[in-house]
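Everything below concerns the one structure shown next.
When reading the values below, keep in mind they use all heavy atoms of this one structure, side chains included, and skip hydrogens, waters and symmetry mates.
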Amino acid sequence: QVHLVESGGGSVQAGGPLRPSCASLGFTASIYCMTWFRQAPGKERERVAIIDNDGTTTYADYVKARFTISKDTPKNSLYLQMSSLKPDDTAMYYCAAEPRQPIYVARSRSDYRDCGSYTPGEYNYWGQGTQVTVSS
């Protein structure tokens, strides 16, 4: 059974840093996407940052140069270093994990599906979320 557990959220003044963490238990896929999402009240869940099994990272435009996603594979942990926080960053932050699907070409696997193509609904493993509140 897979469990993802976030921690490290909190309240901070604008311009400050936070570093939420996500501990993953029981997630054994070797080819995977691990992603931070966020959802503010009354808004849709949106993707913040992705890291795949190779360490390739992708960021939403609104967090580029401010947030850094990283992972510690031996510790089964995912991190989101957040800096220069803005009130608009206030949201519940969730980590999610999903094995990457292989892409087959002419009966032979050629690659794995890009993590950026996965919608939130395609992630099967989610944490309970950690609240981040940024005051002005």
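- With hydrogens and angles disregarded, a donor-acceptor distance shorter than 3.5 Å links the side chain of E6 to the backbone of G129.
- Residues satisfying the salt bridge (Lys or Arg N to Asp or Glu O under 4.0 Å) criterion with R66, sequence neighbours excluded, are D89.
- Atoms CZ and OG1, from R45 and T119 in turn, are 12.0 Å apart once rounded to the nearest 0.5 Å.
- The two residues P17 and Q81 come nearest to each other via the heavy atoms CB-NE2, 4.3 Å.
- Every residue two or more places apart in sequence or in another chain was checked for a side chain to side chain donor-acceptor pair (under 3.5 Å) with S30, and none qualifies.
- Residues S136 and A14 approach most closely at CA-CB, 4.3 Å, considering heavy atoms.
- The CG atom of D52 sits 5.0 Å away from the CG atom of D54 when rounded to the nearest 0.5 Å.
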Inset, instruction - Evaluate the criterion side chain to side chain contact (heavy atoms under 4.5 Å, CB included) for residue pair R38 and E46; output intermediate values, then yes/no. - result: CA-CA 6 Å; R38 69 185 187 186; E46 57 186 11; 2.7 Å; yes
Inset, instruction - Show the numbers, then the answer: is there a side chain to side chain contact (heavy atoms under 4.5 Å, CB included) between K71 and Y79? - result: CA-CA 6 Å; K71 62 186 174 78; Y79 306 99; 5.8 Å; no
Legend entry - Stepwise side chain to side chain contact (heavy atoms under 4.5 Å, CB included) check, S7 with S21: CA-CA 5 Å; S7 61; S21 302; 4.0 Å; yes
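- With sequence neighbours left out, T133 forms a side chain to side chain donor-acceptor pair (under 3.5 Å) with Q131.
- The stretch residues 71-136 participates, sequence neighbours left out, in these disulfide (SG to SG under 2.5 Å) pairs: C22-C95, C33-C115.
- The shortest heavy-atom contact between S135 and P87 is C-CG, 4.5 Å.
- Ionic pairing of R113 and E98 is not present here: no N-O contact between side-chain nitrogen and carboxylate oxygen is shorter than 4.0 angstrom.
- Clustering of Ile, Leu, Val, Met, Phe, Trp and Tyr side chains at separations under 4.5 Å places I51 together with V2, L4, V12, L18, F27, Y32, M34, W36, V48, Y59, Y62, V63, F67, I69, L78, L80, M82, L85, Y93, Y125, V132, V134.
- The aromatic rings of F37 and W126 lie tilted to each other, with the angle between the two planes from 30° to 60°.
- Through chains of ILVMFWY side-chain contacts below 4.5 Å, Y112 is grouped with I31.
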